[in-house]
Amino acid sequence: MEYSNEFLMKLYEELLRCRLFEKKLVDTYALGKIPGHIHSGLGGEACYVGTLATRQQGDYFKNSHRCIAVANLLGVSLETAFSEIMAKRTGNAGGRGGVNHVSQLKYNMLGFSATLACDIGLAGGAAMRLQYDGIDNMAYTFYGDGTANRGPVHEAMNLAAVWKLPVLFVCDNNQFGISTHVSQGSSVPNPGADRAGAYGMPSEVADGTDVLAVYEAAKRLTDHIRAGKGPAVLECKNYRWRGHFEGDQTPYRDKAVTEEWMKKDSVAKMEKLLLDKKIIDQAAIDNMYQQIDDEMERAIAFAEASPAITPEEIYDNLYV
Amino acid sequence: MEYSNEFLMKLYEELLRCRLFEKKLVDTYALGKIPGHIHSGLGGEACYVGTLATRQQGDYFKNSHRCIAVANLLGVSLETAFSEIMAKRTGNAGGRGGVNHVSQLKYNMLGFSATLACDIGLAGGAAMRLQYDGIDNMAYTFYGDGTANRGPVHEAMNLAAVWKLPVLFVCDNNQFGISTHVSQGSSVPNPGADRAGAYGMPSEVADGTDVLAVYEAAKRLTDHIRAGKGPAVLECKNYRWRGHFEGDQTPYRDKAVTEEWMKKDSVAKMEKLLLDKKIIDQAAIDNMYQQIDDEMERAIAFAEASPAITPEEIYDNLYV
Amino acid sequence: MLVTFAQAVGDAMREEMRRDDRILIFGEDIAEFGNIFGITRGMLEEFGSKRVRNTPISEMAFIGAAMGAAETGLRPCVELMYSDFSLVAFAEIYHCIAKWRYMHGPEYKLPLVIRSAMGSSFGATGEHSNCLESLYMHSPGLLVASPSTAYDAKGLLKEAIRNDNPVMFFEHKQLYKTKGEVPEEEYTIPFGVADIKREGSDVTIIAIGLMVGRALEAAEALAKEGISVEVLDPRTLVPFDKEAVRKSLSKTHRAMVVEESNKTSGVGAELAAMMQEEMYDELDGPVVRVAALDVPLPYNIELEKYAIPDAEQIAAAIRKMF
Amino acid sequence: MLVTFAQAVGDAMREEMRRDDRILIFGEDIAEFGNIFGITRGMLEEFGSKRVRNTPISEMAFIGAAMGAAETGLRPCVELMYSDFSLVAFAEIYHCIAKWRYMHGPEYKLPLVIRSAMGSSFGATGEHSNCLESLYMHSPGLLVASPSTAYDAKGLLKEAIRNDNPVMFFEHKQLYKTKGEVPEEEYTIPFGVADIKREGSDVTIIAIGLMVGRALEAAEALAKEGISVEVLDPRTLVPFDKEAVRKSLSKTHRAMVVEESNKTSGVGAELAAMMQEEMYDELDGPVVRVAALDVPLPYNIELEKYAIPDAEQIAAAIRKMF
Ligand SMILES: Cc1ncc(C[n+]2csc(CCOP(=O)(O)OP(=O)(O)O)c2C)c(N)n1
Ligand SMILES: Cc1ncc(C[n+]2csc(CCOP(=O)(O)OP(=O)(O)O)c2C)c(N)n1
Ligand SMILES: [Mg+2]
Ligand SMILES: [Mg+2]
């Protein structure tokens with residue numbers, strides 16, 4: 001495919017934002033500023049960014065727990081995001097939901113369930129609404145290779161297919177569900193794409209460390225979906241760089257393999273491309289790193305300075 | 001395939017037993033002697049009989065709600081079966097479970113859940129036990145075309161495939177889940193077989209009104225399974241002759257289509273074959289009808305004469 | 001207008017769907033077949049296949065779809081054929097639907113109703129007879145309704161459909177054919193307002209669903225013996241009308257809860273615990289629970305009957321209170 | 001021998017697996033990883049991949065497989081990582097496992113254990129912090145254990161594994177690192193036998209799981225004020241040791257239930273209802289419930305703390321009883 005410089009730069013910037021966001025999450029967690037657990041998305045950014053490069057105004061999104069940065073791409077301010085992550089009143093749920101639930105409906109985000117796959121049907125529901133109103137948009141739903149083995153995924157695929165709903169199922173295959181390698185969890189090598197046929201859907205497997213490869217596959221599938229031909233499955237193969245959660249020392253896998261995979265760095269690939277094509281120079285890249293980092297530092301400072309909700313507010317938002 | 005006369009006669013007899021059992025069920029229900037609802041298996045007998053003709057001593061079975069007669073084929077006496085169906089103490093569960101739960105573990109029947117598909121994993125569990133003990137048997141699990149769309153079916157298929165469990169999934173595709181035609185429920189024409197590939201399993205679609213066709217397909221798949229190559233899916237296409245339950249007037253379907261399908265009568269086909277081959281004559285056939293009917297009448301009389309459990313026994317069997 | 005409970009439920013949906021085209025219904029066998037009880041009959045014809053849809057047997061998927069549709073601007077009123085099947089989408093309901101707005105923020109309203117047919121019905125057995133209200137009462141974020149009359153069913157279902165919170169709406173199978181007076185004109189019944197089905201001064205029975213009728217029967221019998229029973233139907237369990245109970249107890253000073261579910265951890269557990277805790281001074285004795293025996297409901301109809309409270313049992317339990 | 005709760009749980013499984021080779025364990029991440037809390041670490045190496053298996057994220061499938069394996073002669077002790085996830089296999093547990101023997105006949109024993117880590121743990125939020133005992137108490141056919149010490153956990157888990165009934169076995173995450181004395185020699189603890197964790201004469205606290213420690217803390221504080229608190233740990237909720245409670249109440253005449261779950265329809269609902277119903281004459285006042293607020297557990301740790309009873313709250317509630 002031919003790309004405009006502008007498009008490549010946009011892709012790169014989104015990728016970089018995700019990368020730096022996911023890094024910042026790890027660092028901030030290490031400082032003890034985040035409750036609960038985080039699941040670093042480092043290594044998987046291209047799956048999300050490449051897919052979402054096909055998005056259009058009015059589309060709906062169901063994110064995974066693996067790349068919280070997506071919320072920011074879709075419109076949630078860093079202030080709101082970090083406030084929720086740091087459990088502050090200024091977060092979208094006032095710190096009641098937390099890191100997995102950084103989400104705003106005004107940006108067409110459908111939310112996330114930490115009971116994996118129980119949210120997979122939401123995209124179909126949003127797609128029903130689009131179909132109902134005769135709107136030409138679509139819905140994206142992200143899930144992991146491990147989650148692919150849960151029943152609701154299959155039910156949702158069949159329902160979307162039988163109702164010809166405009167849904168893209170995106171399987172972020174980072175090869176592990178916690179410690180369980182994809183080959184231990186799934187009987188087929190591609191737990192996303194290999195199951196599309198069971199519902200008569202088209203599918204693609206993309207190199208999930210290459211944002212352009214992901215974009216191209218996503219483009220073909222979203223063209224199909226936007227043409228009213230029903231749902232599809234995109235699977236992006238990548239590798240989870242870090243432990244499942246921070247603190248997981250990954251005793252169940254081979255460090256050498258991890259290191260090999262970490263060389264397939266989607267951000268580095270894009271930087272090389274942009275430098276080779278002379279679309280950008282190193283100084284500009286450095287500058288972008290700095291700017292995004294500054295933005296995030298400001299957002300974190302904002303979150304830190306923000307108050308938490310009070311006990312009196314504990315029941316707020318439960319019932320309308 | 002070449003068949004011995006003995007084999008053909010055995011198949012015919014089992015088919016006839018199922019047919020007459022399912023008829024008797026309808027008639028007895030019409031007399032008001034059975035509580036709850038029954039789901040007549042008329043029209044679908046060949047799916048069960050043809051498949052189970054591949055069974056071997058030591059195999060395990062998970063039946064569906066559609067062909068209760070299977071219990072009798074597997075060993076449950078007509079007395080026990082009708083006693084359970086008529087809610088008597090002499091039933092396998094003392095009339096606590098009822099028509100859907102005619103089952104005896106001594107005949108390697110795993111039981112049935114009226115929460116469709118919640119029992120589908122049992123066959124995998126029984127297969128685990130076989131694998132654990134290094135026994136060369138297998139497990140059969142029957143489910144309907146409508147049930148095929150529930151998540152547990154997919155989870156169980158993946159688990160069986162990933163653990164290479166000796167399980168045959170048998171989809172009794174009678175084209176309806178209550179009023180919902182298979183095309184309204186599933187996005188693929190064969191909701192059983194078309195999904196096997198998603199788990200790397202082989203599959204077959206058989207004419208479910210032809211007991212030999214079913215047997216042959218089942219034989220190929222069970223050979224594969226018994227060779228230790230993992231699970232498989234068999235789909236039998238037939239047509240539910242009666243309403244979903246007795247009383248269902250089937251307003252949602254075309255009577256002419258039903259009549260066409262009812263001509264594809266598995267019992268009549270076998271009778272023609274046996275008569276053509278002169279393996280049996282009409283008098284012998286008539287005699288068999290009479291004998292089986294007598295047997296069932298005796299069993300029903302036994303059940304009717306049997307006492308029900310008393311209120312004092314209501315807690316029995318709940319805890320060991 | 002004398003209509004059946006089933007008709008009242010259907011009418012509630014029809015009237016609301018005529019009023020608001022954001023409302024749609026889906027579930028198993030509700031389209032051509034009009035649901036296994038005939039409740040949605042004619043709705044496919046009236047509202048078309050965009051608004052009235054059969055689903056595959058995929059409760060998790062269509063409950064999830066209902067959530068997604070509700071979030072994005074539709075108002076789904078979905079049907080889980082039998083309440084027992086709500087358990088196959090239990091995590092979706094208990095974790096997701098209930099907690100969604102709390103976990104994601106106030107924008108995330110879920111105006112959706114999950115209707116289902118509940119309770120015993122002559123040999124339906126352990127997986128098709130369950131009364132599950134108490135399970136859903138334990139997950140904050142849900143509203144729970146369990147009406148006992150055609151009038152209440154219609155008014156509460158209309159309210160449920162208009163409500164911006166997710167509602168679990170239980171309809172007792174044995175009530176579907178019971179008839180009741182329903183006004184021609186439009187009405188709704190607010191959630192959290194109990195109804196005194198019979199006034200009395202000696203003892204208060206809080207009865208739910210099918211048990212309301214049996215409590216009334218018992219009350220009738222006891223009246224002849226000089227015991228005056230008040231029958232209070234909470235109609236909704238979440239929210240629960242504590243004030244109505246308090247008022248009734250301030251008159252009777254004795255309470256009983258009658259429900260059809262297994263006694264242990266049933267609705268009566270919560271109500272009895274709450275009353276003795278919050279209304280202790282009004283009570284002259286323990287709150288008595290009359291509930292189903294702690295067994296899966298047996299298939300044998302005599303045993304099924306034995307397992308579930310009837311008027312006689314209720315009356316006997318009341319007599320023992322004096 | 002001083003061991004952690006986690007170690008005690010692991011040891012129970014190890015000892016039983018050495019004793020009986022029909023026992024096998026499976027669940028998510030229990031093999032190479034040794035479960036996310038390290039509880040099954042080393043078991044793959046000791047017992048091999050035939051007996052220690054990672055499952056896909058397919059709770060319905062592996063709970064179903066556990067049933068099938070249990071029916072046919074194995075004794076699976078499976079792990080549902082967090083008790084919250086038991087809800088994704090809820091129908092399998094509530095309808096099938098609980099009712100199987102009842103519905104199919106006495107041959108159908110299900111000697112299986114479902115272990116899971118439960119309860120709050122510092123920002124785990126609404127879908128990873130649930131205490132769900134009361135839901136399972138409502139389905140006759142299950143046994144339910146919720147131990148509070150290493151000693152109890154080990155003895156009860158060994159008993160659960162040997163028991164021919166299906167058992168829901170809950171292990172509180174915050175207890176895993178707590179240490180307790182455990183004898184070198186073999187022992188089991190029968191189900192349905194409560195343990196008096198502290199003797200007292202003025203009031204009985206029935207506390208469950210993590211709340212036992214907090215009740216003991218409260219008791220300590222109150223002792224200084226002259227209030228003598230008895231802390232009764234039922235250890236198993238099904239069966240429940242009513243006699244121990246009755247005995248305690250015959251001394252103290254006042255009762256409180258402390259639990260970590262949402263108050264409405266929690267364990268305390270059943271226990272309070274039961275006590276006031278069956279032991280009314282022993283009680284000098286209402287049974288008080290101290291439980292979590294009726295909200296999904298918030299992520300914010302201060303609010304999470306606020307939602308769950310602590311020793312101070314328990315003590316304050318006790319003071320109010322006098
Ligand atoms: C229903 C359910 N089961 C188990 C878990 C525990 N769990 C959290 S993340 C995870 C692994 C998910 O793997 P995958 O889908 O591949 O996503 P990844 O974490 O690799 O992005 C598991 C098992 C859960 N949250 N929900
Ligand atoms: C989980 C669940 N959902 C819905 C039902 C209600 N129900 C009973 S039978 C049936 C149709 C089943 O269709 P299929 O699997 O094709 O089997 P068939 O009845 O045609 O043999 C339905 C929907 C149920 N029993 N369990
Ligand atoms: Mg993964
Ligand atoms: Mg069918």
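Chain letters run A, B, ... following the sequence lines, proteins first, then strands; residues in each count from 1.
- Residue with the most contacts toward chain C among A:Ala117, A:Gly124, A:Pro152: A:Pro152 (heavy-atom pairs, distance under 4.5 Å).
- Your options are C:Ile63, C:Ile57, C:Leu24, C:Leu142, and the one with the most heavy-atom pairs under 4.5 Å with chain A is C:Leu142.
- The CE atom of A:Met138 sits 8.5 Å away from the CZ atom of A:Phe61 when rounded to the nearest 0.5 Å.
- A distance of 6.5 Å separates CG of A:Leu234 from SG of A:Cys47, quoted to the nearest 0.5 Å.
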Show your working on side-chain contact (heavy atoms from CB on, under 4.5 Å) between C:Leu132 and C:Met118 and close with a plain yes or no. CA-CA 8 Å; C:Leu132 301 167; C:Met118 67 166 279; over 6 Å; no
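- For C:Glu79, the salt bridge (Lys or Arg N to Asp or Glu O under 4.0 Å) partners at least two apart in sequence or on another chain are C:Arg115.
- To the nearest 0.5 angstrom, C:Cys77 atom SG is 8.5 Å from C:Ile30 atom CD1.
- If you take CD1 on C:Ile206 and CE on C:Met275, they are separated by 3.5 Å, rounding to the nearest 0.5 Å.
- Between C:Phe169 atom CZ and C:Ser116 atom OG the span is 10.0 Å, to the nearest 0.5 Å.
- At a 4.5 Å heavy-atom cutoff, the contact between C:Phe26 and chain A is made by side-chain atoms alone.
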Between chain C and chain A, which N/O donor-acceptor pairs sit under 3.5 Å?
from	atom 1	to	atom 2	distance (Å)
C:Asp21	O	A:Tyr132	OH	2.2
C:Arg22	NH1	A:Asp133	OD1	2.9
C:Arg22	NH2	A:Asp133	OD2	2.9
C:Lys50	NZ	A:Tyr132	O	2.7
C:Arg51	NE	A:Tyr132	OH	3.3
C:Arg53	NH2	A:Gln131	OE1	3.1
C:Met60	N	A:Glu155	OE1	3.0
C:Ala61	N	A:Glu155	OE1	2.9
C:Trp100	NE1	A:Leu110	O	3.0
C:Arg101	NH1	A:Asn317	O	3.1
C:Arg101	NH1	A:Tyr319	O	3.3
C:Tyr102	OH	A:Ile314	O	2.6
C:His104	O	A:Asn92	ND2	3.0
C:His104	NE2	A:His101	ND1	3.1
C:His104	NE2	A:Phe112	N	2.9
C:His104	NE2	A:Phe112	O	3.3
C:Glu107	OE1	A:Leu105	N	2.6
C:Glu107	OE2	A:Lys106	N	3.0
C:Tyr108	OH	A:Ser103	OG	2.7
C:Tyr108	OH	A:Gln104	N	3.2
C:Tyr108	OH	A:Leu105	N	3.0
C:Tyr108	OH	A:Met109	O	2.8
C:Gly141	N	A:Tyr319	OH	2.9
C:Leu142	N	A:Tyr319	OH	3.3
C:Leu142	O	A:Tyr319	OH	2.8
C:Asn165	OD1	A:Val320	N	2.8

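- The pair C:Lys242-C:Glu278 meets the salt-bridge criterion, with a side-chain N (NZ, NE, NH1 or NH2) lying under 4.0 Å from an Asp/Glu carboxylate O.
- With chain A as partner, the option from C:Pro56, C:Ala70, C:Gly64, C:Gly141 having the largest number of non-hydrogen pairs under 4.5 angstrom is C:Gly141.
- No part of A:Met157 comes within reach of chain C, as not one of its non-hydrogen atoms sits under 4.5 angstrom from that chain.
- If you take NE2 on C:His128 and CG on C:Asp84, they are separated by 6.5 Å, rounding to the nearest 0.5 Å.
- For C:Val88, no part sits under 4.5 Å from any heavy atom of chain A, backbone or side chain.
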